[in-house]
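Counting from 1, the numbers follow the sequence of the chain as shown.
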Amino acid sequence: MITFAINGREMLSDQPSDTALLWVIRDELGLTGTKFGCGIAQCGACTVHVNGVPTRSCITPVSAVQGKKITTIEGLSPEGDHPLQKAWIAEQVPQCGYCQSGQIMAAAALLAKTKNPTREQIVQHMSGNLCRCGTYNQIVAAIQRAASQA
């Protein structure tokens with residue numbers, strides 16, 4: 001059994017230790033906000049926080065989170081009122097929406113360590129998260145908006 005906390009709740013998983021954390025989150029725990037994109041940690045759709053660090057859950061074995069704290073998009077703000085979530089709507093970021101939870105989790109990690117990032121810092125930090133719809137300018141604007149309102 002692997003024990004960890006997810007969104008503030010203690011959890012146990014009896015999945016094989018090499019099972020990707022993504023599948024434990026989605027299939028075992030039913031938290032479907034975290035998406036499967038590429039399966040090779042290249043797109044960012046599966047980004048969650050492990051002990052506050054943005055982590056690609058598609059390649060992270062569940063055994064690697066033993067005793068750790070995980071936050072998914074559902075745990076960022078259960079009411080959906082995190083400054084980034086509000087800014088995402090205000091800046092009309094979502095198009096298809098598939099990458100959005102990973103984008104927001106990556107942005108939240110940036111704002112947790114850099115309260116007022118420059119445009120260049122935002123672009124660099126977010127460069128590992130892909131958006132097929134190309135809403136990169138709106139993503140930057142939303143992060144800047146959230147930073148200014150924090």
Side-chain angles (χ1 to χ4, degrees), residues 4-9 11 13 15-16 18-62 64-65 68-150:
F4 53 91
I6 190 160
N7 301 333
R9 294 179 44 217
M11 294 290 169
S13 177
Q15 296 297 314
D18 63 345
T19 301
L21 176 60
L22 173 66
W23 302 121
V24 172
I25 291 170
R26 289 183 59 80
D27 296 344
E28 187 174 353
L29 303 178
L31 299 171
T32 57
T34 304
K35 304 299 184 198
F36 174 78
C38 66
I40 57 172
Q42 296 297 305
C43 73
C46 68
T47 302
V48 298
H49 295 176
V50 177
N51 287 350
V53 176
T55 303
R56 308 297 194 186
S57 63
C58 71
I59 62 162
T60 302
V62 70
V65 299
K68 296 185 178 172
K69 295 179 182 178
I70 301 161
T71 305
T72 67
I73 190 70
E74 293 91 347
L76 188 61
S77 173
E79 291 79 36
D81 61 357
H82 187 279
L84 279 166
Q85 292 167 314
K86 288 180 177 180
W88 238 247
I89 293 167
E91 295 295 335
Q92 300 179 358
V93 176
Q95 296 295 309
C96 80
Y98 201 81
C99 70
Q100 299 309 300
S101 61
Q103 297 276 2
I104 290 171
M105 295 305 288
L110 171 63
L111 293 181
K113 70 177 183 178
T114 307
K115 299 298 179 199
N116 193 19
T118 65
R119 178 178 178 76
E120 293 75 26
Q121 288 172 311
I122 294 169
V123 169
Q124 174 151 357
H125 181 83
M126 299 300 293
S127 67
N129 287 71
L130 302 179
C131 174
R132 291 178 59 180
C133 301
T135 64
Y136 297 110
N137 288 328
Q138 293 96 322
I139 289 168
V140 170
I143 295 169
Q144 289 172 323
R145 178 186 288 256
S148 73
Q149 295 175 351

Above 12 or not: heavy atoms from other molecules or residues under 6.0 Å from CD of Gln124?
no

Above 12 or not: heavy atoms from other molecules or residues under 6.0 Å from CD of Gln149?
yes

Check: [X] side chain, [Y] main-chain N or O, donor-acceptor pair, under 3.5 Å:
{"X": "Thr135", "Y": "Cys133", "result": "no"}
{"X": "Thr71", "Y": "Gly75", "result": "no"}
{"X": "Tyr98", "Y": "Phe36", "result": "yes"}
{"X": "Arg56", "Y": "Ile40", "result": "no"}
{"X": "Ser57", "Y": "Cys46", "result": "yes"}
{"X": "Ser101", "Y": "Gly33", "result": "yes"}
{"X": "Asn129", "Y": "Cys99", "result": "no"}

[X] [atom1] to [Y] [atom2] distance, which is reported to the nearest 0.5 Å:
{"X": "Lys35", "Y": "Ile73", "atom1": "NZ", "atom2": "CD1", "value": "10.0 Å"}
{"X": "Leu21", "Y": "Glu28", "atom1": "CG", "atom2": "CD", "value": "10.5 Å"}
{"X": "Ile139", "Y": "Met126", "atom1": "CD1", "atom2": "CE", "value": "5.5 Å"}
{"X": "Leu31", "Y": "Glu74", "atom1": "CG", "atom2": "CD", "value": "4.5 Å"}
{"X": "Leu22", "Y": "Thr47", "atom1": "CG", "atom2": "OG1", "value": "10.5 Å"}
{"X": "His49", "Y": "Thr55", "atom1": "NE2", "atom2": "OG1", "value": "8.0 Å"}

Non-hydrogen atoms of [X] and [Y] that approach each other most closely:
{"X": "Lys115", "Y": "Ala147", "result": "O-CB, 3.5 Å"}
{"X": "Cys131", "Y": "Gln103", "result": "CB-NE2, 3.8 Å"}
{"X": "Thr114", "Y": "Gln121", "result": "CG2-OE1, 4.0 Å"}
{"X": "His82", "Y": "Leu76", "result": "CD2-CG, 3.7 Å"}
{"X": "Cys58", "Y": "Ala20", "result": "O-CB, 3.4 Å"}
{"X": "Gly134", "Y": "Gln138", "result": "O-OE1, 4.5 Å"}

Taking the side chain as every heavy atom from C-beta outward, state whether [X] and [Y] have any pair of such atoms under 4.5 Å apart.
{"X": "Arg132", "Y": "Cys96", "answer": "no"}
{"X": "Tyr136", "Y": "Leu130", "answer": "yes"}
{"X": "Val62", "Y": "Phe4", "answer": "yes"}

Walk me through it: do Gln100 and Trp88 pass the test side-chain hydrogen bond (donor to acceptor under 3.5 Å, both in side chains)?
CA-CA 9 Å; Gln100 299 309 300; Trp88 238 247; 2.2 Å; yes

